[in-house]
Amino acid sequence: MWTTPHPSPDAPPDPELERLIQRDRASLLYSMGSSSVFVTIAVSAILIVVVRTPELSPGLYAWYAGILLISAIRFVDMFILFPRLRQQAFDGRRQIRRFGAGTMALALLLGSFSWLFFWRLPPLSEAYAFMVFFAMAGGSVTVLSASFRLIVGYCAAVMLPGVAFVLFARPDDGGRFAVFGIFGFIASFVFARRTSRTVLNGLRLTRWNQVLTIRAEEERKTLERVRLDLAEANAMLERRVAERTSELAHEVAERERYAEALGRLASIDPLTGLSNRATFNSRLAAMLGGTAQSPSGVALLFLDLDNFKQINDLRGHEIGDQVLRQTAARVAAAVDGRGDVARWGGDEFLIALPDCDGDAALRLAGNLIDAIRPPITVGADICRIEASVGVALYPDNGQSADIVIRAADVAMYAAKREGKSRAKRFDPALAEDMADRYDLEQGLRDAIRGGQFSLAFQPIISARDGACTAFEALLRWMHPLRGAISPATFIPVAEQSGQIQRIGGWVLEQACLAAAGWPDPSIAVTVNISVAHVLVGNLMEDVEHALAVSGLPPSRLKIEITETMFLHDAERSAQLFDSLRRKGIGILLDDFGTGFSSLSFLGNLPIDVIKIDQSFVRDAGRNGYATIEAILSIARALGLQVTAEGVETTEQNRHLVELGVGSLQGYLFSRPMPEEDVAGWLRARADALPRLPPVSAFAGT
Ligand code: C2E
Ligand code: CA
Ligand code: CA
């Protein structure tokens, strides 16, 4: 896991980060290596055919056999050995060396051509061979962009032997070739330096981004855990209230039956001698009524023994009762008359402290825990017991006794969750969060039926001519009481409450229906799909249903997914998207650069388009453009299209278009619009396009 991530280029290198970058470099080299070997095989064959003479043929064939042999070994390395390694945490530097050895072997054999054959070749063939090697060296700058040293080695091995040959063997007319060759070598050197720096920067920035995302994700998970714990605590609380209600009913019945016998004891817990519930409740009510005069409120401590059930089960109820009696005595001694102590039930005690603030209450809670901790001797038995305490304040945490008791109980459960044997104050923020979430979850259940959902559509613009090529469908929720709620807020709730499948299906259907009604039948619609929908739902069926209902051709539907999709059940996801693509449905990788994958990972994904995340466009001034440039060069090598989102200014637009981004999306062109505005917007844009200047033409109409 990440210990010290370095989000700035000036920070000292992190060894783990460096290791990952080395692996990315190796993967990048290997992913582009096979095409270069194919090119070498083909170009060498053409070279032989062009320069062949009867007397040279045997030598040329032997040379070509050498090329084929080395190529075969490299294919084994690229297609069999390296793919196996990719599953593990392999040593990137070693793989780069291995790849380098193969590359250099091939380069040296290519370079040897001049010394082997030039002395018998006519000048025209010689010039031809020269051009071929020159071109191969030029090509290596792109293919080997992940290793500057390798580019230089390759160019030297391929070009310098020929230069040396013409200098030494043809001193009279070889000079021109030599100058040409040396100049070419220097040019490749300079060019290689720039390209490899850009690529390395790109890899590094992506990994940094990844580190930041992992940390954010970890934080989110911790928060999520806390929320779930509270929800669980709440559920438990409710169960216990129900249990207690029946207990109470039982008690009341008992009390009626034994009313007379109990008589004097009615207000006291017979086992411990502390107040019982009823007494405590009436005393607490009196205490709360008196707070009007006192500056600080009433503190309520909810104390629960941590392992009492064990003692009861293992040693019997006799001993259990003794332990409760002694614990009660210790609690009462620690409170020392400053408040009211009651046995609330089973192994629970409540303490009410008038005129007490949160800090004092927490201090007392700590004292109580310490007082209970020393071993308790019951006859020959020694028991150890610990307690967790929840603290809540009246009136801060609740306006009535019931609510404050409930809040203290929630806090006590939080203390248990955090590891028991501790005190914890009630946190209103978490309770609000719990209630809020619950509200949203319930609200979502009726949102479709209640017609509260709608889709907004945001245009995606072609950088080539400024025309609109697609609209992204974005879900909108108009809550009857709370008004518009952002999808960033409610989509996660829908995902976690198992509703995303139903909602995602609705979005797919509505988006396809809307697109089928647009005036221009070339414009596609893109739909965001959640990981949870893919993992739990049946996306394929939902897509087929939406297409069938709307009559939209599959080529006009595109699906936006995020890289996290491939973290869960990667194989199933890949298969699913493969079959969607076979149907003609495009797959877009959304928010690219914020996820977990590296640039080199891209080559293996079943996707058509990368959407560069808004954060890169926003930060473009600092290092965004370098990253965008790197993403573009690799996307180009892998044949992927690139869309930039979050374009807000003409300045960003100009830069992105100049860099070669294929499509653009953002407020500059239009905010997401309601369905009924789409046709009008398209008309206005078509009217305005011819009047706008070329690059800034892409600005909104
Ligand atoms: P996203 O897929 O990255 O969508 C782009 C978000 O950026 C949208 O926010 C859009 O309104 C906003 N945006 C577009 N252009 C600009 C710009 O120039 N500047 C700025 N600052 N923002 C821009 P929105 O609609 O609030 O959606 C937020 C996220 O909610 C989406 O991010 C997507 O992840 C999720 N979402 C929205 N609709 C759906 C849906 O139907 N299904 C699923 N699963 N997720 C959805
Ligand atoms: Ca999206
Ligand atoms: Ca996005």
Side-chain angles (χ1 to χ4, degrees), residues 209 213 444 447-448 452-461 468 470-478 483-515 524-537 539 542-543 546 557-565 586-595 607 609-620 624 631 642-653 656 661 663-675 698-700:
N209 231 306
T213 314
L444 279 175
I448 293 184
Q452 296 159 18
F453 278 149
S454 64
L455 292 184
F457 294 92
Q458 189 180 31
I460 299 172
I461 303 292
C468 168
F471 282 92
E472 176 172 4
L474 293 160
L475 186 54
R476 297 289 175 259
W477 182 17
M478 187 52 80
I485 301 180
S486 158
T489 307
F490 70 78
I491 293 284
V493 177
E495 286 171 346
Q496 275 146 27
S497 59
Q499 303 188 66
I500 193 66
Q501 204 181 328
R502 196 166 47 88
I503 295 173
W506 183 88
V507 171
L508 266 169
E509 188 178 320
Q510 296 301 312
C512 289
L513 281 170
V525 65
T526 78
V527 176
N528 294 285
I529 294 295
S530 292
V531 181
H533 190 171
V534 173
L535 291 183
V536 185
L539 179 63
D542 291 344
V543 165
L557 173 63
K558 298 184 195 302
I559 301 281
E560 296 200 6
I561 56 173
T562 54
E563 294 150 275
T564 41
M565 201 72 84
I587 309 289
L588 284 72
L589 192 60
D590 204 357
D591 304 340
F592 181 74
T594 61
I607 54 169
V609 182
I610 298 171
K611 279 185 107 169
I612 298 179
D613 188 63
Q614 318 195 351
S615 58
F616 291 111
V617 175
R618 205 175 311 129
D619 296 350
I631 295 176
V642 175
T643 299
E645 58 180 353
V647 183
E648 291 185 353
T649 65
T650 42
E651 174 68 14
Q652 290 167 344
N653 181 53
L656 291 164
V661 168
S663 303
L664 305 133
Q665 180 183 2
Y667 292 169
L668 178 63
F669 310 104
S670 168
R671 294 199 172 237
M673 63 187 96
E675 186 186 338
F698 313 149

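Residues take their numbers from the sequence shown, with the count starting at 1. Atoms considered below: every heavy atom in the structure, side chains included; atoms not considered: hydrogens, waters and symmetry mates. Whatever order the structure lists them in is the order used to number ligands and atoms, beginning at 1.
The shortest non-hydrogen separation linking Ile612 to Val642 is CD1-CG1, 3.5 Å. The two residues Met478 and Ala484 come nearest to each other via the heavy atoms SD-N, 3.5 Å. Taking every heavy atom of both residues into account, Val527 and Ala511 meet most closely at CG2-CB, 3.6 Å.
Assignment of His533 to the shell around ligand 1 is not supported, since no heavy atom sits closer than 4.0 Å. Ligand 1 has no atom lying under 4.0 Å from any heavy atom of Glu495. The shortest heavy-atom distance from Pro672 to ligand 1 is under 4.0 Å.
Looking at Val507 against ligand 1, only its side chain comes within 4.0 Å, counting heavy atoms. Contact annotation: for Val527 versus ligand 1, there are no heavy atoms closer than 4.0 Å.
When each atom of ligand 1 is checked for a heavy atom of Asp591 under 4.0 Å away, the hits are 3 (O). Distances below 4.0 Å separate heavy atoms of Gly666 from the following atoms of ligand 1: 15 (N), 18 (O). Taking every heavy atom of Val647 and a limit of under 4.0 angstrom, the matching atoms of ligand 1 come to 18 (O).
Of all the N, O or S atoms in Glu472, the one closest to the Ca ion (ligand 2) is OE2. No other N/O/S atom of Asp591 lies as close to the Ca ion (ligand 3) as OD1 does.
A 4.5 Å side-chain heavy-atom check between Phe592 and Glu563 finds at least one atom pair inside the cut-off.
Residue Gln614 holds the heavy atom nearest to atom 6 (C) of ligand 1 of all those in Glu645, Arg618, Gln614, Gln652. For the residues Trp477, Phe490, Tyr667, the heavy atom positioned nearest atom 23 (C) of ligand 1 is part of Tyr667. When Gln510, Glu648, Glu472 are checked for heavy-atom proximity to atom 17 (C) of ligand 1, Glu648 turns out nearest.
Considering both main-chain and side-chain atoms, Asn528 comes within under 3.5 Å of ligand 1 through a nitrogen or oxygen pair. Looking at ligand 1, you'll find an N or O of Leu475 within less than 3.5 Å of one of its N or O atoms.
Atom 11 (O) of ligand 1 is flagged as protein-proximal [any protein heavy atom, distance under 4.0 Å]. Not a single protein heavy atom sits closer than 4.0 Å to atom 32 (O) of ligand 1.
Among the atoms of Asp613, no N, O or S atom is found under 3.0 Å from the Ca ion (ligand 3). Because the distance cut-off is set at 3.0 Å, Glu645 fails to qualify as a neighbour of the Ca ion (ligand 2), as none of its N, O or S atoms comes that close. Among the backbone and side-chain atoms of Asp590, an N, O or S atom lies under 3.0 Å from the Ca ion (ligand 3).
In this structure, OE1 of Glu560 and OD1 of Asn528 enclose an angle of 90° at the Ca ion (ligand 2), rounded to 10°.
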